[in-house]
Amino acid sequence: MSDENIILETLPASVSDEISIPTDFYKIAFDFQQIMMIYESAIKQIETKLDILKKESTVNRTRNPINTVKSRLKTPESIAKKLEKKGYPVNFESMMKNLNDIAGVRVICPYISDIYTVRDMLLKQPDLTLIHENDYIDNPKESGYRSLHLVMEIPVYLSKTEHNVRVEIQLRTIAMDFWASLEHQLRYKTSAKVPDSVRRELFRVAETIAMTDREMEEIAIELQALD
């Protein structure tokens with residue numbers, strides 16, 4: 001007995017007579033699950049690489065340029081909204097072709113220089129290909145947002161197929177991540193329009209955080225020179 005028949009038989013006759021579950025529904029759901037499993041596998045491979053780099057620093061007793069690593073997969077709703085916003089068709093082929101951030105990894109670093117150290121480490125990996133880079137540290141967004149964004153492609157090998165998967169890697173300092181998290185809540189979690197006065201204040205805080213990042217790194221360099 002198929003899953004569809006089991007579901008229908010559990011419903012009252014008056015209801016089940018009116019319901020016809022499309023057979024395409026199961027295929028669509030299965031296809032989406034397969035696609036997201038591939039993106040999840042790409043994330044795991046990136047996370048493994050970063051974990052190895054962290055362990056190497058520990059073994060070599062060198063300062064670790066990676067503080068924490070976070071990851072996420074976009075939800076179906078988020079994928080559909082972004083495709084619609086960009087004017088692309090809402091289907092599997094379109095999302096894989098046009099979206100670079102279905103799979104995302106965020107690397108939080110102690111200092112600004114660590115961001116570029118981790119970037120260079122990743123670029124040396126032979127199975128990682130840099131597709132695109134946005135440096136919002138040297139060129140912050142109008143809001144004050146700072147981060148280094150890398151779109152990298154990594155092969156995912158299944159039992160019978162190989163897939164080249166794009167993953168967006170965001171590299172930030174702890175301070176940058178703190179600011180970005182609060183700013184994101186204001187932009188996406190607040191129903192009311194954010195007043196211009198608040199936006200100006202957010203920008204001012206972003207500038208203060210950037211200055212603090214630079215000063216903390218200068219202090220760290222001075223302390224290292226004493227060793």
Do the side chains of Ile131 and Tyr88 join up, straight or via other hydrophobic residues, at under 4.5 Å, putting them in one cluster?
no
Met95 and Lys74, any side-chain heavy atoms less than 4.5 Å apart
no
For Gly104, is there any backbone N or O sitting under 3.5 Å from a side-chain donor or acceptor partner on Asp101?
no
Would a single hydrophobic cluster contain both Leu130 and Ile154, if residues Ile, Leu, Val, Met, Phe, Trp and Tyr are joined by side-chain heavy-atom contacts under 4.5 Å?
yes
Verify same cluster id: Tyr145, Ile209 (apolar side-chain graph, 4.5 Å)
yes
In a table with atom names and distances, give each donor-acceptor pair under 3.5 Å that connects a side chain of residues 42-52 to protein atoms at least two apart or in another chain.
unit_1, atom_1, unit_2, atom_2, d
Gln45, NE2, Pro155, O, 3.1
Glu47, OE2, Ser71, OG, 2.8
Thr48, OG1, Lys44, O, 2.8
Lys49, NZ, Gln125, OE1, 3.0
Lys49, NZ, Asp127, OD1, 2.8
Lys49, NZ, Asp127, OD2, 3.1
Asp51, OD2, Lys55, NZ, 3.3

Value rounded to 0.5 Å, distance of CD1 in Ile174 from OG1 in Thr212:
13.0 Å
Within a radius of less than 6.0 Å around CE of Met216, do more than 12 heavy atoms belonging to other residues, nucleotides or ligands occur?
no
Atom CG in Leu150, atom CD in Glu133: separation rounded to 0.5 Å?
5.0 Å
Quick check against the 3.5 Å criterion: does Ser94 have a side-chain atom that pairs as donor or acceptor with the backbone of Val90?
no
Using the salt bridge (charged side-chain N to carboxylate O under 4.0 Å, His left out) criterion, which residues pair with Asp120? Sequence neighbours excluded.
none
Would a 4.5 Å heavy-atom cut-off, applied to side chains only, mark Asn100 and Glu168 as touching?
no
Hydrophobic cluster identity match, Met211 and Trp179, side-chain contacts under 4.5 Å:
no
For Glu77, what residues pass the side-chain contact (heavy atoms from CB on, under 4.5 Å) criterion, not counting sequence neighbours?
Thr75, Lys81
Kindly work out whether a path of hydrophobic side-chain contacts (I/L/V/M/F/W/Y, heavy atoms less than 4.5 Å apart) joins Leu123 to Val151.
no
Would you say the side chain of Tyr116 lies within less than 4.5 Å of the side chain of Leu171, judging by non-hydrogen atoms?
no
Correct closest heavy-atom pair for Arg166 and Asn98 would be NH2-N, 4.3 Å
Under a 4.5 Å cut-off applied to non-hydrogen side-chain atoms, are Tyr39 and Val156 in contact?
no
If the condition is side chain to side chain donor-acceptor pair (under 3.5 Å), which residues does Asp213 pass it with, not counting sequence neighbours?
Thr173
Any salt bridge (Lys or Arg N to Asp or Glu O under 4.0 Å) involving residues 199-211? Give me the pairs, sequence neighbours left out, ordered by first then second residue.
Arg146-Glu207, Glu201-Arg204
I need the Asn64 CG to Glu56 CD distance, nearest 0.5 Å.
10.0 Å
Nearest non-hydrogen partners of Ala206 and Gly144, listed with the distance:
CB-O, 3.5 Å
So which of Val167, Thr129, Ile169 actually passes side-chain contact (heavy atoms from CB on, under 4.5 Å) with Met152?
Ile169
Please name the pair of heavy atoms, one in Asn67 and one in Lys54, separated by the smallest distance, quoted to 0.1 Å.
O-NZ, 3.7 Å
Qualifying residue, where the test is side-chain contact (heavy atoms from CB on, under 4.5 Å) with Pro110 and the options are Ile108, Asp114, Ile112:
Asp114
Rounded to the nearest 0.5 Å, the CG atom of Leu122 sits from the CG atom of Leu53 at a distance of 6.5 Å
More than 12 heavy atoms from other groups under 6.0 Å of CZ on Phe178:
no
Glu142 atom CD, over 12 foreign heavy atoms within 6.0 Å
no
To the nearest 0.5 angstrom, please state how far the CD atom of Glu215 sits from the CD atom of Glu218.
6.5 Å
Any chance you could measure His184, atom NE2, to Ser143, atom OG, to the nearest 0.5 Å?
12.0 Å
Among side-chain atoms of Arg172 and Tyr136, is any donor-acceptor pair under 3.5 angstrom?
no
Results of side-chain contact (heavy atoms from CB on, under 4.5 Å) for His163 - residues two or more places apart only:
Ile38, Leu158, Thr161, Val165
